[in-house]
Amino acid sequence: MDPVEALREIAFWLEREQAEGYRVKAFRAAAGIVAAMAPEDVASRARGGSLRRVKGIGERTYAVVREAVDGGVPAYLRELRERSAAPLAEGGEVIRRQLRGDLHAHSDWSDGGSPLAEMAEAARWLGREYQALTDHSPSLTIAHGLDAERLRRQIDAVAEVNASGDAAGFRLLTGIEVDILEDGALDQTPELLGRLDVVVASVHSKLRSESGPMTRRMLAAVEDPHTDVLGHCTGRLLRGGRGPRPESQFDAERVFAACAEAGVAVEINSRPERQDPPDRLVQVALDAGCLFSIDSDAHAPGQLDFLQYGAARAEANGVPAERIVTTWPLERLLEWTGRRR
């Protein structure tokens with residue numbers, strides 16, 4: 001087995017099961033070190049033991065490389081594969097089988113942990129037909145958001161991925177998770193937003209605003225012709241390294257009615273620590289006639305499989321598959337995202 005692939009797959013499964021970040025980084029860092037070496041050098045140094053003395057190669061990562069160059073599947077990788085055989089979430093199988101893609105994920109261009117090509121490869125490996133790359137916009141400086149020039153370069157980088165032979169039967173979509181500013185404007189130029197396949201609009205600042213200003217802010221974003229998906233609408237966090245965070249307050253009936261009228265999808269964010277919107281608001285959006293988008297909000301390749309959590313929540317809340325845009329084939333999806341451009 002190729003040792004780089006073995007190291008990256010181990011990192012994928014660790015990300016999927018939400019292992020500690022330092023463990024994931026160790027395997028991804030080792031994969032980068034080994035990938036930079038000639039294969040015959042890797043094999044020779046692994047068998048001779050000198051690879052263990054390379055900075056960034058630890059006991060466990062060395063063992064993985066040693067077993068891989070000898071032609072076998074490393075024992076730790078076998079263990080993780082067996083451990084990951086069970087579904088992440090109970091229920092949701094019917095919707096999960098119908099999902100074709102994902103409209104919200106991040107790469108190392110902003111606050112994700114992996115290159116966009118690795119995110120695309122993981123999505124393709126999971127059987128996705130399409131995956132949107134939606135890194136942050138410039139006002140979110142803490143997440144290294146993309147200004148106009150960097151976003152233009154990323155659009156070109158996505159085109160290169162799609163032009164490669166490895167992309168057959170799969171498409172990486174250009175996109176952005178654009179910040180909804182305090183006045184409801186979208187944090188990127190209209191010209192660039194119009195060039196993208198997918199625009200996810202989310203609130204990331206002043207989350208404790210009063211209901212009136214927050215409602216007006218969200219309504220303005222929904223009415224913007226570039227918005228396709230309203231991302232993690234309450235901004236809540238149930239747990240995680242940042243600690244719990246309460247829901248933002250807004251008039252859900254007005255906001256979801258506007259989404260239904262404009263054809264903007266309400267995101268069912270699949271991150272376990274978000275579970276956003278809460279079930280009661282999923283029901284409000286259903287009653288309003290909204291479309292939905294089940295998205296991973298992945299910041300690492302293994303987190304792309306978080307769609308299982310979103311599918312389970314959608315199914316538990318009675319969301320019809322035909323109203324979930326990520327069950328649609330690519331041509332229909334792009335017709336929808338281009339409807340108001």
Side-chain angles (χ1 to χ4, degrees), residues 15-18 83-105 123 126-132 134 177 200 202-203 218 222 228-240 244-260 263-299 302-329 332-333 336:
E15 289 160 350
R16 180 182 183 270
E17 65 182 29
Q18 303 174 67
R83 206 156 75 202
S84 303
L88 284 175
E90 293 184 14
E93 293 88 351
V94 173
I95 287 179
R96 187 166 70 237
R97 286 196 297 268
Q98 296 179 72
L99 291 175
R100 295 171 180 262
D102 177 2
L103 302 187
H104 186 173
L126 284 168
R128 309 276 158 76
E129 296 177 22
Y130 50 85
Q131 174 66 56
T134 54
E177 184 183 14
V200 177
S202 306
V203 174
M218 296 173 76
V222 168
D228 301 309
V229 179
L230 179 63
H232 50 67
C233 62
T234 77
R236 74 174 184 174
L237 291 172
L238 302 178
R239 61 181 184 275
R245 184 168 64 205
E247 300 171 22
S248 294
Q249 299 302 305
F250 61 95
D251 187 331
E253 290 186 357
R254 287 183 64 195
V255 170
F256 292 154
C259 286
V264 169
V266 174
E267 178 180 72
I268 295 178
N269 189 288
S270 299
R271 294 196 68 85
E273 73 273 22
R274 285 193 181 274
Q275 300 180 39
D276 200 0
D279 289 348
R280 73 177 195 286
L281 293 187
V282 173
Q283 294 301 318
V284 175
L286 267 174
D287 292 344
C290 291
L291 296 170
F292 295 86
S293 181
I294 298 177
D295 298 325
S296 68
D297 194 359
H299 287 65
Q303 295 174 5
L304 290 166
D305 213 18
F306 284 177
L307 287 189
Q308 293 190 40
Y309 293 118
R313 291 193 64 230
E315 196 162 286
N317 279 282
V319 179
E322 61 269 18
R323 282 169 62 177
I324 301 170
V325 300
T326 41
T327 68
W328 296 353
R332 182 182 176 189
L333 180 91
W336 167 70

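One is the number of the first residue; the rest follow in order along the sequence.
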One pair to check against side-chain contact (heavy atoms from CB on, under 4.5 Å): D287 and F256. What are the steps and the verdict? CA-CA 9 Å; D287 292 344; F256 292 154; over 6 Å; no

Inspect the surroundings of CD in E90 and state if more than 12 heavy atoms from other residues, nucleotides or ligands are less than 6.0 Å away. no

Derivation of the side-chain contact (heavy atoms from CB on, under 4.5 Å) call for R274 and L237: CA-CA 5 Å; R274 285 193 181 274; L237 291 172; 3.9 Å; yes

Is there side-chain contact between Q308 and R16, with at least one heavy-atom pair below 4.5 Å? yes

For a quick test of reading the model, state the closest non-hydrogen atom pair linking A314 to I294 and the distance between them. CB-CD1, 3.7 Å

About how many Å separate CG of L103 and CD of E177, when rounded to the nearest 0.5 Å? 12.0 Å

So do L230 and E267 actually touch side chain to side chain, heavy atoms under 4.5 Å? no

Measuring only between side-chain heavy atoms, which start at C-beta, is L304 closer than 4.5 Å to R128? yes

Would you please classify the geometry between the H104 ring and the H232 ring as parallel, tilted or perpendicular, with 30° and 60° separating the classes? tilted

According to side-chain hydrogen bond (donor to acceptor under 3.5 Å, both in side chains), who are the partners of R96, at least two apart in sequence or on a separate chain? none

Determine whether a donor-acceptor pair (N or O, by modelled atom type, separation under 3.5 Å) exists between the side chain of S293 and the backbone of A265. no

Any idea which heavy atoms bring L286 and R323 closest together, and the distance? O-NH2, 2.9 Å

Taking the side chain from W328 and the backbone from E322, do they hold a donor-acceptor pair closer than 3.5 Å? yes

Of all residues at least two apart in sequence or in a different chain, which pass the side-chain hydrogen bond (donor to acceptor under 3.5 Å, both in side chains) check with R236? none

Keeping Q303 on the side-chain end and S296 on the backbone end, is there a donor-acceptor pair under 3.5 Å? no

Taking CZ in R254 as the centre, count heavy atoms belonging to other residues, nucleotides or ligands within less than 6.0 Å. Is the count above 12? no

Are side-chain heavy atoms of V266 and P277 found at a separation under 4.5 Å? yes

Compare every heavy atom of D276 with every heavy atom of R313, then report the nearest pair and how far apart it is. NH1-N, 3.7 Å

Heavy-atom count around E17 CD within 6.0 Å, excluding the residue itself: above 12? yes

Does the side chain of I268 come within less than 4.5 Å of I324's, by heavy atoms? no

Taking all atoms of both residues into account, what is the closest heavy-atom pair of L281 and F250, and its distance? CD1-CZ, 4.3 Å

Salt-bridged, R280 to E247, with N to O below 4.0 Å? yes

If you round to the nearest 0.5 Å, how far is OG1 of T326 from CG of L99? 5.0 Å

Would you say C259 and L291 make side-chain contact, with heavy atoms under 4.5 Å? no

Just verifying a value: how many Å separate D102 CG and D305 CG, rounded to the nearest 0.5 Å? 10.5 Å

Return yes if some donor-acceptor pair links the side-chain N/O of S270 with the main-chain N/O of D295 below 3.5 Å, else return no. yes

Under a 3.5 Å distance rule, please check whether N317 uses its side chain to pair with a backbone N or O of V319 as donor and acceptor. no

Are F306 and Q18 side-chain neighbours, meaning at least one heavy-atom pair lies under 4.5 Å? yes

Validation row: P278, T234 side chains within 4.5 angstrom (heavy atoms): yes

